[in-house]
Amino acid sequence: MIAIRGVSHRILEIPDLLIPAGRVAVIGPNGGGKTTLLRLLAGIDLPVAGEILIDGLAPRSREVGWVGEQPEREIIFHRVSDEISSPLRFRNDPCPFVDERVKALTGELGIGELLGRETRDLSAGEKALVALAAALAAKPDILILDETDSNLDQESAGTVEGLIRGISCSHVLQATQRMELAARADHILFLERGRVLHSGNPTAVFAALTGTPFHPPSWGCR
Amino acid sequence: MRAILDDVIIRRGSFQLEASGTFSEGVHLVTGPVGSGKSTLALALEGALLPVAGRIGEEGIRSRILSLPFPEYHITGDTLAGEAASWGLLPASVLKTAGLSGRGGEDVLRCSQGELKRLVLSCILAWEWDLLILDEPYSSLDCAWKESFSRRLGERREGITIIFTHEDEILPRVDELWEIQAGRLVSLGRVPEAIRRWSRPPRYIRAALDKGIIPENITPGDVRDALCRTPG
């Protein structure tokens, strides 16, 4: 469980919020506070006021994986294998352990054939998968995807979604503008103007959003 | 007014795209997966990329613009108001359209990607273009702005509008559908007949097609109306 109490930071004001474990979709208009919230949960920023606990510990005490909106701009290494292994190398894990972990992880994600490639030669979808693998390398307690699917097509976004379903990570938070994808999450947060206006399962949240653009198009007539 | 692709072959590195067809006045949607060649074709239609074979011809086109997928590539001003003014527009009016009223003095580099996209699209749509080419106009926009720009694009009655996108939830009303399949541009024809020929339609359109329902057009509203009209 993620517990947020009395948080005030930039546009964000969250008096009291509990976010259950599982796959959580974070939706809402641009500028509503989604990225601000995700940066606090990742421990990138500290709130000006209030407290965030992820399973009882502060975000900076947890292992966090992060993939942003434009994975290709976040990739820093030429070779895919170096990119994926970088979080482990940065913390000085032994080389045999790193090699074994990267091999196992890329096998699990079905992207083993990318390991020998150069990152600049990858398609946008492949870059997103490499960024996801790098985010998962250190076995994070919390995985955050900040509109990573914005520049992906339906198939690539579906591949990323399928991979996320298969991983063992207690908390996965994904900001997205794809309401069909959000509808398949365990829990949804809808943020607007810095406030969490709706928090609940997809049925409850989308019932409240009926008639707005933030509603799955295929739910129109059920 | 027409843009004509006559046995065109375009190359970028090892990638090759073949294209033939005519874009006449109206709204055209060109879809295809990431990496299929949408941006390559958009650049060629704008004239920024020359074909290695064939010919891109034009009739009656006096003005054109290509909206690039990443809005920062368009930016020349240092503030939001300065950017609007650089397009020869009154800043207050454009900023209002883009939902950025009162923020004219802000540094463009401090804006979110979505805010910049709204600003650039609003500047582009403030002018009339004979040939308007939009490469991924929906990326970085939230659902409300996707719907708002979709409405405006669907209302364009004059000129040729060509939208290249992989967007799969909020689409405008269009006249013709095109698809890039295995390195080749394929004309699917006019809507609604073209919808049944769409090999990779968005999920919400697929849901209607699976029930044997062909919506009048491709907006979520058209599909919703079609589904709700049909019993069962």
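Naming convention: chains lettered A, B, ... in sequence-line order (proteins, then strands); numbering from 1 in each chain.
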- Contact origin within A:Glu126 toward chain B - heavy atom pairs under 4.5 Å: neither
- B:Arg110 atom CZ, over 12 foreign heavy atoms within 6.0 Å: no
- Sub-4.5 Å side-chain heavy-atom contact between B:Arg224 and A:Trp219: no
- Item | Side chain / backbone / both / neither for A:Ile27 at chain B, heavy atoms under 4.5 Å | neither
- Message: Out of B:Glu136, B:Lys146, B:Glu72, return the one with the most heavy atom pairs under 4.5 angstrom to chain A.
- Response: B:Glu72
- Flag the pair B:Lys117 and A:Glu69 as a salt bridge only when some basic side-chain nitrogen lies within less than 4.0 angstrom of an acidic carboxylate oxygen. no
- Message: Looking at chain A, which one of B:Ser148, B:Pro220, B:Ser139, B:Gly35 has the largest number of heavy-atom pairs inside 4.5 Å, strictly under?
- Response: B:Ser139
- Among A:Pro29, A:Pro213, A:Gly28, the residue with the most heavy-atom pairs under 4.5 Å to chain B is A:Pro213
- Task: Check each atom of A:Leu209 against the heavy atoms of chain B and say whether the ones under 4.5 Å are side chain, backbone, both or neither.
- Result: neither
- Message: Can you confirm whether more than 12 heavy atoms, excluding those of B:Arg196, are under 6.0 Å from its CZ atom?
- Response: no
- Query: Under a 4.5 Å heavy-atom cut-off, does chain A meet the side chain of B:Gln113, its backbone, both or neither?
  - Reply: side chain
- Please flag which part of B:Tyr138 lies under 4.5 Å from any non-hydrogen atom of chain A: side chain, backbone, both or neither. neither
- Task: Determine yes or no for a side-chain-to-main-chain donor-acceptor pair under 3.5 angstrom, with A:Asn30 supplying the side chain and B:Asp142 the backbone.
- Result: yes
- Item | A:Arg10 atom CZ, over 12 foreign heavy atoms within 6.0 Å | no
- Note on the structure: Whatever's closer than 4.5 Å to a heavy atom in chain B on A:Glu180 counts as both
- Pick one of side chain, backbone, both or neither for A:Glu155, based on which atoms fall under 4.5 Å of a heavy atom in chain B. side chain
- Backbone N or O of A:Gln154 within a donor-acceptor pair of the B:His166 side chain at under 3.5 Å? no
- Value rounded to 0.5 Å, distance of CG in A:Leu181 from CD in B:Glu169: 8.0 Å
- Item | Closest non-hydrogen atom pair, A:Gln177 against B:Leu141 | CG-O, 3.6 Å
- Non-hydrogen atoms of chain A under 4.5 Å away: do they reach the side chain of B:Val223, the backbone, both or neither? neither
- Does CZ belonging to B:Arg184 count more than 12 external heavy atoms closer than 6.0 Å? no
- Task: State whether the number of non-hydrogen atoms from other residues, nucleotides or ligands found under 6.0 Å of A:Ile11 atom CD1 is greater than 12.
- Result: yes
- Task: Kindly give the heavy-atom pair with the smallest separation between B:Tyr204 and A:Ser218, and that separation in Å.
- Result: CB-N, 3.9 Å
- Portion of B:Pro69 that has a non-hydrogen atom of chain A nearer than 4.5 angstrom: neither
- Considering only heavy atoms, which portion of B:Arg118 lies under 4.5 Å from any heavy atom of chain A: side chain, backbone, both, or neither? side chain
- Please report the shortest heavy-atom distance between B:Ser140 and A:Ser150, naming the atom on each side. N-OG, 3.1 Å
- Query: Would you find more than 12 non-hydrogen atoms of other residues, nucleotides or ligands less than 6.0 Å from A:Arg184 atom CZ?
  - Reply: yes
- Message: Can you tell me if A:Arg193 has over 12 outside heavy atoms packed within less than 6.0 Å of its CZ?
- Response: no
